[in-house]
J.: 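Shown below is the structure under consideration.
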Amino acid sequence: MDERYSPEKVETDAQEYWDRHRSFKAVEDPKREKYYCLSMFPYPSGKLHMGHVRNYTIGDVLTRFMRMQGRNVLQPMGWDAFGLPAENAAMANGVPPAKWTYDNIAYMKRQLQSLGFAIDWEREFATCQPEYYKWNQWLFLRMLEKGIAYKKTGVVNWDPVDQTVLANEQVIDGRGWRTGALIEKREIPMYYLRITQYAEELLADLDRLPEWPERVRTMQANWIGKSVGVRFAFRVNGVARSALGSPPSPLEGEGMGMGGDDPSPLALSRKGRGGVGESLQDGLLWVFTTRADTIMGVTFCAVAAEHPLATHAAKSNPKLAAFIEECKRGSVMEADLATIEKKGMPTGIYVTHPLTGEPIPVWVGNYVLMAYGEGAVMAVPAHDERDFHFAKQYRLPIKQVIGVSLGGGRGGNVAFTTDAWQEWYASKDGVCVNSGKYDGLGYAAAVDAIAADLKAKGLGDKQVIFRLRDWGISRQRYWGCPIPIIHCPHCGDVPVPDKDLPVALPEDCVPDGTGNPLIKRADFVNCVCPKCGGKARRETDTMDTFVDSSWYYARYCSPDSGKAMVDERVKYWMPVDQYIGGIEHAILHLLYSRFWSKVMRDLRLVAYDEPFTRLLTQGMVLNEIFFRKPESGRITYYNPADVEVKLDDKGQRIGAILKSDGRPVESGGIGTMSKSKNNGVDPQALIDQYGADTARLFIMFAAPPEDTLEWSDEGVAGANRFLRRLWKLAAEHVGAGIPAKTDLSQLPSPLRDLRRLVHQTLSKVTDDIGRRRTFNTAIAAVMELMNALARLDDGSGPARAVRHEAFELIALMLAPIVPHISHALWFALGHKEAAIDARWPAVDNAALKQENLEIVVQVNGKLRGRVSVPVQAPEDKVRELALADENVARHVAGKAVRKVIVVPGKLVNIVVA
RNA sequence: GCCGAAGUGGUGAAAUUGGUAGACACGCCAGCUUGAGGGGCUGGUGGCGCAAGCCGUGUGGGUUCGAGUCCCACCUUCGGCACCA
């Protein structure tokens, strides 16, 4: 064994061994329990970043650990290879997205391999390969047949200069990123997937995912956004149905006939979202409310700018038309809407209150969303904070209809004033007042009574609605999976027959920013109608890349299947036992994958309901931010590698300078590693300098996996120091020869203590990795053991045998985390079989036995002494020994002992007066 | 604004079930080692105090023999987002 630890050699050797023996090939074996460990696949952006390294190291540790536990493990890897960056790169460099993508994949694959991940590379694929995306198309056609996929118009960002559709991220302050032109909103036909049909199940099944982080489940539940309330209508005064120009809808009447008990999400999702018209059938203004108990307090209604009633009113009111235009111009991003000033304008139209018959004015409000509910709300300013402020601003009446008695709870109504908003105004705990026959009813009773009365009048009923909207998958982009539709002038939109799949994407296009290049590809666009044989035009839109990532985990089970999307091997491997990825995917990717799984299940392609049994969301990787901001001009960020930090003599930071010019830079705190803040660390540089094991060790040691991880060059050096020390100690031990097998059950005291520590450490590491997933504490425990081992200065036979066992267990305990050095140490310790095929060691319970325990003694809760007591000592004896301790006796002397609390094996607390 | 998570030495953190606060590591200090390369080894390192000891886990209360951990109120930071009717 070399005296010196040289990671390049150690790591190359280990990786060559694993390659040669195809150690990571996963083979289905019904006799063995499987373990499918999956990390979210990367977008091939060019090179790995630290977030990838962290993600894949966590997955690899669990994979290798479970493998040592005897499970038949699968850890695959692939590439989320379609997407916008490839088109941007093409525009910048003139390289086709296909070439750019495949080059990046080749480079990043080498990087992943150099980190020594236990990946079955034989299952690798990229989503841009026709063998994969063929099945996107195939499933899309099945969805079309089942009515899950459908076509309707949607709004997109239109750049009038480049004549192209832009993604949200390509719109900066309302202008195109390349042209600077003001972006217009355009309505174009698009394909949608009816995820809302699964809303109820997607919500309910969150309860079947107990091993997902609570906060992810909460985020998904909020995103699905189930609301139980009442949908009802106001008659629009003096407006006939024909005047509104809304065509009779085939869905008309469906809402009323559905009954409140079992509302179908499918029907609901159609209603109110299908576009203009439906909300005004028969001259009715439909609204949805969760506070029907406040209906007697309605003093106005507010509709969205896009609402047909607003459109109608604007025809004869230029000022209103201008206001509506202003509202429509604003951002569609809901986060932006949260901060805009609330504005409104009266339409001049009145509606009739369904219960009181009073006339109610209708306003247009910029805070009403067309996409949620009916695009119209009843406004109860006394009991809704937004309505309250709106009413104050425009001097609209405010009528209290809910009373609350605080304090005693009997009768005494707390005073209501319109001076300022009070928290309790929105409370559901009060009872109705000023509400005629509903007076005195609580929330639930009032809602029931009011819903029943509305139903009797044929003007409404209870209703469940979801915030979740159908998934629009059409993208007016080149580098994606073609949507398999043919547009025929005679037959309309015709699905591509299964036998003609895949619709292959030409790979030699170079986008130039002026729209989808597919439109100009005659050989792609021109085709023959499968129905009538006439000339037809192929759809040029491609699919959202979230489609690609919605089922890739299932494809890994049978990546070579040419006949089917997935084959019977999926039954063995799925569902994924452990999924690992960034918290940024908590909603969309995970929700779409869950939806896609349920669709595949309903098509009897798979048997599972949920694709990911256990989820681990790893924290972000942070680093310091340094910058200079000149008097005039732009802020410049400096990479922490180019900055030297100045410390005072206590190690407290006093400043930082740029290494190149020695002049000070300012600290911007710490933040996520990003290009814009120039605070990234290149994993490749780290691997080149210290090796993969050091990178893996540092990343797993610095923080628990779910927490953020702060980068530290000193910490990396420390991790490397530990490995060098381990290597050196092991080399010294092995250099003296492999000790003969020795009976370790009878050892002198210091050796027995050391051996107990060895097995205590094994016990802790097993629990930390297997159950707690706190890799940082597992590593700390091994470090502690190594420190104890280094202190043992004893060259005797028994000592060498104890030391040998300790090194063996250290090599195995560290094998999931730093597999290369463990591989080398294991062979050096005299084993013929490689560490990769070794089993996780078992704790020797006999080694854990001890005769005496150290017990802490407190007096009035303050630590006053420690005593050694026999393990089997009865409580009286422990108490006696505790009181006999010199320091304890001193603190107890002269005081009456009131109580003595004995916690077996832990402590004694003596309570004195 | 709403929702969620978290506040512990100079720093990253540990304390798993209410039971020794600060394991492990970084940094710093002292000493040794002419093998300066990102050296190696030993010891020290929460604050105050000569000491006994006292104080100490964001702040203020509370429960308990005992609280970083449980309860109430507040402050701060981070993350997510919805004006969701």
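We name chains A, B, ... by the order of the sequence lines, and we start the count at 1 in each one. Note: hydrogens, waters and symmetry copies are ignored here, and every other heavy atom, side chains too, is used.
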J.: Round to a whole Å and report the spacing from CE of M219(A) to P of G80(B).
T.: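 The answer, rounded to whole Å, is 8 Å.
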J.: When you compare C65(B) with A5(B), how far apart are their C1' atoms, in angstrom units rounded to a whole number?
T.: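 So the two C1' atoms sit 33 Å from each other.
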J.: With rounding to the closest Å, how many angstrom separate the C1' atoms on G46(B) and G40(B)?
T.: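 Approximately 29 Å lies between the C1' atom of G46(B) and that of G40(B).
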J.: In this structure, how many angstroms lie between the P atom of G4(B) and the CH2 atom of W223(A), rounded?
T.: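 My rounded result for the distance is 18 Å.
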J.: Expressed as a whole number of Å, how far does the C1' atom of A13(B) sit from that of G19(B)?
T.: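 Their C1' atoms lie roughly 22 Å apart.
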J.: Mind checking what makes side-chain hydrogen bond (donor to acceptor under 3.5 Å, both in side chains) contact with T290(A), not counting sequence neighbours?
T.: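 Here no residue qualifies.
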J.: For E214(A), report the nucleic acid contact type (base, sugar-phosphate, nothing); a contact means any heavy atom under 4.0 Å.
T.: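 Contact class for E214(A): none.
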J.: Got a salt bridge between E706(A) and R773(A), using NZ or NE/NH1/NH2 to carboxylate O under 4.0 Å?
T.: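 Salt bridge flag = no for R773(A) with E706(A).
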J.: Nearest to the side chain of N720(A), which nucleotide is it out of G79(B), A14(B), G38(B)?
T.: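 For N720(A), the side-chain atoms sit closest to G38(B).
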J.: What integer distance in Å separates L907(A):CG from G19(B):P?
T.: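 It is 9 Å, rounded to the nearest whole Å.
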J.: With P as the reference atom in both, quote the distance from U57(B) to A67(B) in angstrom, rounded to an integer.
T.: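 Comparing P positions in U57(B) and A67(B) gives a spacing of 11 Å.
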J.: Just N and O in the side chain of K862(A): are any of them under 4.0 Å from OP1 or OP2 of A21(B)?
T.: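 For A21(B), OP1/OP2 do not have a side-chain N/O of K862(A) under 4.0 Å.
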J.: Taking 4.0 Å as the cut-off, does a side-chain nitrogen or oxygen of N787(A) come that near to OP1 or OP2 on A23(B)?
T.: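 No.
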J.: Could I get the full list of side chain to side chain contact (heavy atoms under 4.5 Å, CB included) partners for R791(A), not counting sequence neighbours?
T.: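 In terms of side chain to side chain contact (heavy atoms under 4.5 Å, CB included), with neighbours along the sequence ignored, R791(A) is linked to N787(A), A788(A).
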J.: Shorter than 3.5 Å, N or O on both sides, protein versus nucleotides 32-37 of chain B: list them out with atom names.
T.:
unit_1: G37(B); atom_1: N2; unit_2: R4(A); atom_2: NH1; d: 3.1

J.: Any donor-acceptor pair, under 3.5 Å, between the side chain of K906(A) and the base of U17(B), if you only look at N and O atoms?
T.: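 No, no donor-acceptor pair under 3.5 Å.
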J.: Okay, side chain of R54(A), backbone of G619(A): is any donor-acceptor separation there less than 3.5 Å?
T.: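 Side chain of R54(A) to backbone of G619(A): a pair is present.
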J.: For C81(B), does either OP1 or OP2 sit under 4.0 Å from a side-chain N or O belonging to R215(A)?
T.: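 No, outside the criterion.
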J.: Measure the distance from CD on E374(A) to C1' on A85(B) and round it to the nearest whole Å.
T.: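 Value for this atom pair: 12 Å.
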J.: Out of U16(B), C3(B), G19(B), which nucleotide sits closest to the side chain of N909(A)?
T.: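 Side chain of N909(A) sits closest to G19(B).
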J.: Evaluate the side chain to side chain contact (heavy atoms under 4.5 Å, CB included) criterion for residues V856(A) and V908(A): first the C-alpha distance (whole Å), next the side-chain angles of each, then the deciding distance (0.1 Å), finally the verdict.
T.: CA-CA 6 Å; V856(A) 166; V908(A) 176; over 6 Å; no
J.: Once hydrogens and angles are ignored, does a donor-acceptor distance under 3.5 Å link the base of G66(B) to the side chain of N860(A)?
T.: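 There is none.
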J.: With heavy atoms under 4.0 Å as the rule, sort T218(A) into base, sugar-phosphate or nothing.
T.: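 Nothing, no heavy atom under 4.0 Å.
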J.: What's the gap between G80(B) and G61(B) when it is taken at their P atoms, as a whole Å value?
T.: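 Between the two P atoms, the distance is 36 Å.
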J.: What's the closest nucleotide to the side chain of R866(A) if the choices are C54(B), C24(B), U20(B)?
T.: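 In terms of side-chain proximity for R866(A), the closest of C54(B), C24(B), U20(B) is U20(B).
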J.: Heavy atoms only, 4.0 Å cut-off, all strands: where does R217(A) land among base, sugar-phosphate and nothing?
T.: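 Result for R217(A) = nothing.
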J.: Report the distance from atom CG of N887(A) to atom P of U20(B), rounded to the nearest whole Å.
T.: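 One finds 18 Å between P of U20(B) and CG of N887(A), rounded.
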J.: Using a 4.0 Å cut-off on heavy atoms, which residues in residues 888-899 of chain A reach RNA chain B? List them by number, or say none.
T.: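 Going residue by residue through residues 888-899 of chain A, the ones with a heavy atom under 4.0 Å of RNA chain B turn out to be R890(A), H891(A), K899(A).
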J.: Side chain of I901(A), heavy atoms from C-beta onward: which of A15(B), A82(B), G19(B) has the nearest atom to it?
T.: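 For I901(A), the side-chain atoms sit closest to G19(B).
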J.: Between R879(A) and E875(A) (salt bridge meaning N to carboxylate O under 4.0 Å), is one present in this structure?
T.: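 Answer for the salt bridge query: yes.
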J.: Give me the distance, rounded to whole Å, that separates U69(B) from U17(B) when you measure between the P atoms they each carry.
T.: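 One P to the other, the span is 15 Å.
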J.: Starting the side chain at C-beta, find the nucleotide from C65(B), C84(B), A15(B) nearest to R386(A).
T.: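 Of all the options, the side chain of R386(A) is nearest to C84(B).
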J.: Round to a whole Å and report the spacing from CG of N366(A) to P of A85(B).
T.: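 The answer, rounded to whole Å, is 18 Å.
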J.: Does D753(A) have any side chain to side chain contact (heavy atoms under 4.5 Å, CB included) partners at least two apart in sequence or in another chain, and if so, which?
T.: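 Partners of D753(A) under the side chain to side chain contact (heavy atoms under 4.5 Å, CB included) test: S749(A), R756(A).
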J.: Using a 4.0 Å heavy-atom cut-off across all strands, classify K764(A) as base, sugar-phosphate, or nothing.
T.: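 The residue K764(A) makes base contact.
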J.: Can you list everything that forms a side-chain hydrogen bond (donor to acceptor under 3.5 Å, both in side chains) with D387(A)? Sequence neighbours excluded, please.
T.: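 D387(A) satisfies side-chain hydrogen bond (donor to acceptor under 3.5 Å, both in side chains) with Y367(A) only.
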J.: Counting heavy atoms from C-beta on, name the nucleotide in A82(B), G12(B), U20(B) closest to the side chain of V856(A).
T.: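 Within the option list, the nearest is U20(B).
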J.: Should the pair E374(A)-R231(A) be classified as a salt bridge under the 4.0 Å nitrogen-to-oxygen rule?
T.: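 Yes, this pair counts.
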J.: Going by distance alone, is a donor N or O of one side chain under 3.5 Å from an acceptor N or O of the other, for T774(A) and T777(A)?
T.: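 Yes.
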J.: For the pair made of CD1 in I224(A) and C1' in C81(B), what is the distance, rounded to whole Å?
T.: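 In whole Å, C81(B) C1' and I224(A) CD1 are 15 Å from each other.
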J.: Where the side chain of V368(A) is defined as all heavy atoms beyond and including C-beta, which of C65(B), A23(B), A85(B) is the nearest nucleotide?
T.: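 For V368(A), the side-chain atoms sit closest to A85(B).
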J.: Hunt down any stem RNA chain B takes part in, defined as 3 or more consecutive Watson-Crick or G-U pairs whose two distances are each under 3.5 Å.
T.: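 Stems found: B:1-7 with B:75-81, B:10-12 with B:24-26, B:27-33 with B:39-45, B:46-48 with B:53-55, B:58-62 with B:70-74.
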J.: Look at the aromatic rings of Y394(A) and W363(A) and report parallel, tilted or perpendicular, splitting at 30° and 60°.
T.: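 Ring orientation, 0 to 90° scale: tilted.
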J.: Between H589(A) and H585(A), what is the ring plane arrangement, given parallel below 30°, perpendicular above 60°, and tilted in between?
T.: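 H589(A) vs H585(A) ring planes: perpendicular.
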J.: Would R467(A) and W223(A) count as a cation-pi pair here, with the cationic atom under 6.0 angstrom from the ring centre and within 45° of the axis?
T.: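 Yes, R467(A) lies over the aromatic ring of W223(A).
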J.: Detail all sub-3.5 Å separations between protein N/O atoms and N/O atoms belonging to nucleotides 40-46 of chain B.
T.:
unit_1: G40(B); atom_1: OP1; unit_2: R724(A); atom_2: NH2; d: 2.8

J.: Can you tell which of G19(B), C54(B), U16(B) lies closest to the side chain of V903(A)?
T.: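 Nearest listed nucleotide: G19(B).
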J.: Which side-chain N or O atoms in residues 684-692 of chain A pair as donor and acceptor under 3.5 Å with protein atoms at least two apart or in another chain?
T.:
unit_1: Q684(A); atom_1: OE1; unit_2: Q111(A); atom_2: NE2; d: 2.8
unit_1: Q684(A); atom_1: NE2; unit_2: D688(A); atom_2: OD1; d: 3.2

J.: Does N776(A) have a side-chain nitrogen or oxygen under 4.0 Å from the phosphate oxygens OP1 or OP2 of A23(B)?
T.: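 Looking at the OP1 and OP2 atoms of A23(B), neither is under 4.0 Å from any side-chain N or O of N776(A).
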J.: Which residues in residues 693-709 of chain A have a heavy atom closer than 4.0 Å to any atom of RNA chain B?
T.: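 Contacting residues: F701(A), A702(A), P704(A).
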J.: In chain order, what residues pass the side chain to side chain contact (heavy atoms under 4.5 Å, CB included) check against V447(A), with sequence neighbours excluded?
T.: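 Result, side chain to side chain contact (heavy atoms under 4.5 Å, CB included) vs V447(A): V230(A), A292(A), D293(A), Y443(A), K462(A).
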J.: Tell me what V911(A) touches on the nucleic acid: a base, only sugar-phosphate, or nothing, going by heavy atoms under 4.0 Å.
T.: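 If one applies the 4.0 Å heavy-atom cut-off, V911(A) turns out to touch the sugar-phosphate alone, with no base involved.
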J.: If we take the P atom in both A73(B) and G27(B), what is their distance in whole Å?
T.: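 Taking atom P in both A73(B) and G27(B), they lie 44 Å apart.
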J.: Taking only residues two or more places apart in sequence, or in another chain, which ones meet A391(A) in a side chain to side chain contact (heavy atoms under 4.5 Å, CB included)?
T.: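 Scan of A391(A) (side chain to side chain contact (heavy atoms under 4.5 Å, CB included), adjacent residues dropped) gives F300(A), P381(A), L396(A), I398(A).
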